[in-house]
Participant: 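Would you mind keeping the following structure in view while I ask a few things?
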Amino acid sequence: MAIRFRDRNHHVDANEDPKDASFAQAQLDVFGHGAAVDYNLRYDDPAYWRIRGREQQLIDFSGGAQSDTGKPHRTENVVRAVAKDNPRGRRFHDAATIRWGELQRYTGY
């Protein structure tokens, strides 16, 4: 249900979505249960770290964000999920790798 809801509301913009076969509907990769009920406490929640790290690994594995690669675009992600200079970037990456294995090497600074 969460994936269907995401597909209906994700990337709602004026641009038509790509028709290439590689731009398929969302599919479940992994999931985590967070403990931070208050959004302001998300940076204290290891589940949040894992999901952020996995999201960036998936973007990199799929070809990278447009801000990293330029044209031709291999993903619809205009910007990275985790900025290259994010001071928590390595923590996010390592938390995801420990839980689910490394899908793509770390691409931050």
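Everything numeric in this text was worked out from a predicted model, so none of it was measured.
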Participant: How many angstroms lie between CG in D44 and CG in L41, if you round to the nearest 0.5 Å?
Facilitator: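 It is 6.0 Å, given to the nearest 0.5 Å.
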Participant: State, with a plain yes or no, whether a side-chain heavy atom of D60 is found less than 4.5 Å away from one of R80.
Facilitator: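 Yes, side chains in contact.
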Participant: To the nearest 0.5 Å, tell me how far Q56 CD sits from N86 CG.
Facilitator: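 Taking CD in Q56 and CG in N86, the distance rounds to 10.0 Å.
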Participant: I'd like to know if the side chain of Y106 and the backbone of R90 have a donor-acceptor N/O pair within less than 3.5 Å.
Facilitator: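 Yes, Y106 side chain to R90 backbone: donor-acceptor pair under 3.5 Å.
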Participant: Hey, what do you get for NE2 (H33) to CZ (R50), rounding to the nearest 0.5 Å?
Facilitator: 10.5 Å
Participant: Which atom pair, heavy atoms only, marks the closest approach of V79 to A65?
Facilitator: C-CB, 3.5 Å
Participant: Could you walk me through whether Q57 and T97 pass the side-chain hydrogen bond (donor to acceptor under 3.5 Å, both in side chains) check?
Facilitator: CA-CA 9 Å; Q57 286 187 31; T97 298; 3.1 Å; yes
Participant: Could you check whether any side-chain heavy atom of S62 comes within less than 4.5 Å of a side-chain heavy atom of R74, counting everything from C-beta outward?
Facilitator: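 SC-SC contact between S62 and R74 ruled out.
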Participant: Please confirm whether R88 makes a cation-pi placement over F92, using NZ or CZ under 6.0 Å from the six-membered ring centre and within 45° of the ring normal.
Facilitator: no
Participant: Distance-only, no hydrogens or angles: does the Q66 side chain make a donor-acceptor pair with backbone N or O of T75 under 3.5 Å?
Facilitator: yes
Participant: Please give me the minimum heavy-atom distance between E102 and Q104, naming the atom from each residue.
Facilitator: CG-O, 3.3 Å
Participant: Report, as yes or no, whether the 6.0 Å neighbourhood of atom OH on Y43 holds more than 12 heavy atoms from other residues, nucleotides or ligands.
Facilitator: yes
Participant: Roughly how far, to the nearest 0.5 Å, is the CZ atom of R42 from the CD1 atom of I51?
Facilitator: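 Going from CD1 on I51 over to CZ on R42, the span is 14.5 Å.
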Participant: Counting only N and O atoms by type, is there a donor-acceptor contact under 3.5 Å from the side chain of N77 to the main-chain atoms of I59?
Facilitator: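 Between the backbone of I59 and the side chain of N77 there is no qualifying donor-acceptor contact (under 3.5 Å).
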Participant: Short question: side chain of R99, backbone of A96 - any donor-acceptor pair under 3.5 Å?
Facilitator: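 Such a contact is absent between R99 side chain and A96 backbone.
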Participant: Atom CG of L58 and atom CG of L103: how far apart are they, to the nearest 0.5 Å?
Facilitator: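 CG of L103 is found 5.5 Å from CG of L58.
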Participant: Going from CZ on R52 to CZ on R91, what distance comes out if it is rounded to the nearest 0.5 angstrom?
Facilitator: 12.5 Å
